[in-house]
There are 2 protein chains.
Amino acid sequence: MPRVGLTPDQVVDHALALIDEQGVEALTLASVAARAGVATPSLYKHVSGGLTELRRLIAVRVTEELADRLAEAAVGRSGDDAVTAVLRAYHAYATGRPHRYNALPQAPQPDDDLTRAAARLVGVIVAVLRGYGLDGPEVIHAARTVRSLAHGFASLSIAGAFQLAEDLTTTHDRLITTLTTSLHTWPTTTAS
Amino acid sequence: MPRVGLTPDQVVDHALALIDEQGVEALTLASVAARAGVATPSLYKHVSGGLTELRRLIAVRVTEELADRLAEAAVGRSGDDAVTAVLRAYHAYATGRPHRYNALPQAPQPDDDLTRAAARLVGVIVAVLRGYGLDGPEVIHAARTVRSLAHGFASLSIAGAFQLAEDLTTTHDRLITTLTTSLHTWPTTTAS
DNA sequence: GGCTAAGGCTAATAGCCGTAGCTTTATGGC
DNA sequence: GCCATAAAGCTACGGCTATTAGCCTTAGCC
């Protein structure tokens, strides 16, 4: 039949569109194939590892997107301003495309590609943290704290875990203040 | 054939054992039924909503367990001591039974049972935070910050997102200090 | 002792993933 | 311009899953 001319990237595109519309549990090779206008087994020509590899590719793509957003938010800013912008960008991405963000933990074991993408994301955070005079092991501990706060808040927000009436935006502001304040007095790099 | 005498609680027990051993993606009605010594459709007599309801029941159970651990950790302590103990207990539970903790987000929409269980968990945190003189809306914002940090760190730890060589225990210590420090200067309950 | 309801079963449907093997389309070398 | 080859599509199939329908047997109660 007529060649569609798929590429692995296009398969991921279709998968992400499907996830955005119907959630991560709707991701199935059959529905991706239908959307791509192709029979299910044909996908294996482009994503040889099947569903597992597709999920891996999705995680890589989403991590790269997120890293891009954080990098954009950080450019031209420093200190508290940069941290605030990065955290807001993180939350905006996660809540703007919640299903996509939820696809992140569906990846199998972290592999080289995913590690590379995550490293870029961490790199943005580390760069911002250097504005506080942090380096050595302490910048890593601080970056992990930043990621924990950002991911925890995003993940719980998406899951609907914050059910009380209090304004979520205020919570986010408090959370950002918590972080920036703590970064100013972060243990300077001495002992391990 | 001979009655096994299953109850919904026992079905959840078997499901959790299976998750602990083989991970959350191995949770299938077929394998739970096999472990319970029963044919797959028989499970519907106890868990009428099928797999979806089983996942819901699992989330409720795990949330209750976690709330129990946090409550135990908090008893007899107050202030920084209590916050530290609660955060350590949270992380110990999550990393001690990682697959079980990962089963948490598999729940469908939060329903009454899950909301009740989560409310107890939040109640423990709120009680601890009152030791800092917080109340009104601010105690909620603070509790959300605590949950975000605890969940984010636990979730990323389990996922293997912290790949660098720096000691995770040190990161956790920094994170706890960040939190306690920030709680001491938390905005007192005035405006919204 | 018999009725009822609960808890088990088998059978069947529908959907999914993944493999095998065939066919067609492009493409590149001659 | 033609032909060989590899890539990209297809159909057919096997095996797993959830879920529903309908039957049978057990346990318990009046």
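Chain identifiers are assigned alphabetically (A, B, ...) following the order of the sequence lines, protein sequences preceding nucleic acid strands; residue numbering begins at 1 within each chain.
The CG-P distance, from A/Leu6 to C/dA26, rounds to 14 Å in whole Å. The interatomic distance linking B/Leu29 (CG) with C/dG15 (C1') rounds to 15 Å, in whole Å. Atom pair A/Glu25:CD and C/dG15:C1' shows a separation of 16 Å (rounding to whole Å applied).
Contact check of residues 15-23 of chain A against DNA chain D (heavy atom, cut-off under 4.0 Å) returns no residues at all. Within residues 43-58 of chain B, the residues approached by DNA chain D to less than 4.0 Å at the level of any non-hydrogen atom are B/Tyr44, B/Gly50, B/Leu51, in residue-number order.
Here the side chain of B/Val38 is nearest to one of C/dG8, D/dA12, D/dT19, namely C/dG8. With C/dT10, D/dA18, C/dC16 as the candidates, the nucleotide lying closest to the side chain of A/Ala30 is C/dC16.
Residues passing the salt bridge (charged side-chain N to carboxylate O under 4.0 Å, His left out) test with A/Arg56, sequence neighbours excluded: A/Glu53, A/Asp111, A/Asp113. Considering only residues two or more places apart in sequence or on other chains, B/Asp173 meets the salt bridge (charged side-chain N to carboxylate O under 4.0 Å, His left out) condition with B/Arg88.
Base engagement by B/Ser42 is indicated by at least one non-hydrogen atom pair under 4.0 Å involving a base atom.
For residues 96-117 of chain A, every residue pair satisfying the ring pair (Phe, Tyr, Trp, His ring centres under 6.0 Å) rule, not counting sequence neighbours, is listed here: A/Tyr90-A/Tyr101, A/Tyr101-A/His151. Residue pairs meeting the side-chain hydrogen bond (donor to acceptor under 3.5 Å, both in side chains) criterion with at least one partner in residues 19-41 of chain B, sequence neighbours excluded, are B/Asp20-B/Arg100, B/Glu21-B/Arg35.
At the phosphate of C/dG15, neither OP1 nor OP2 sits under 4.0 Å from any side-chain N or O atom of A/Thr28.
Classified by interplanar angle (parallel below 30°, tilted 30° to 60°, perpendicular above 60°), the ring pair B/His172/B/His91 is tilted.
At a threshold of 4.5 Å between non-hydrogen side-chain atoms, the residues A/Val83 and A/Tyr132 count as touching.
A donor-acceptor pair under 3.5 Å is absent between the side-chain atoms of B/Arg147 and the main chain of A/Leu156, judged by distance alone. B/Ser155 contributes no side-chain N or O that, together with a main-chain N or O of B/Gly152, makes up a donor-acceptor pair within less than 3.5 Å.
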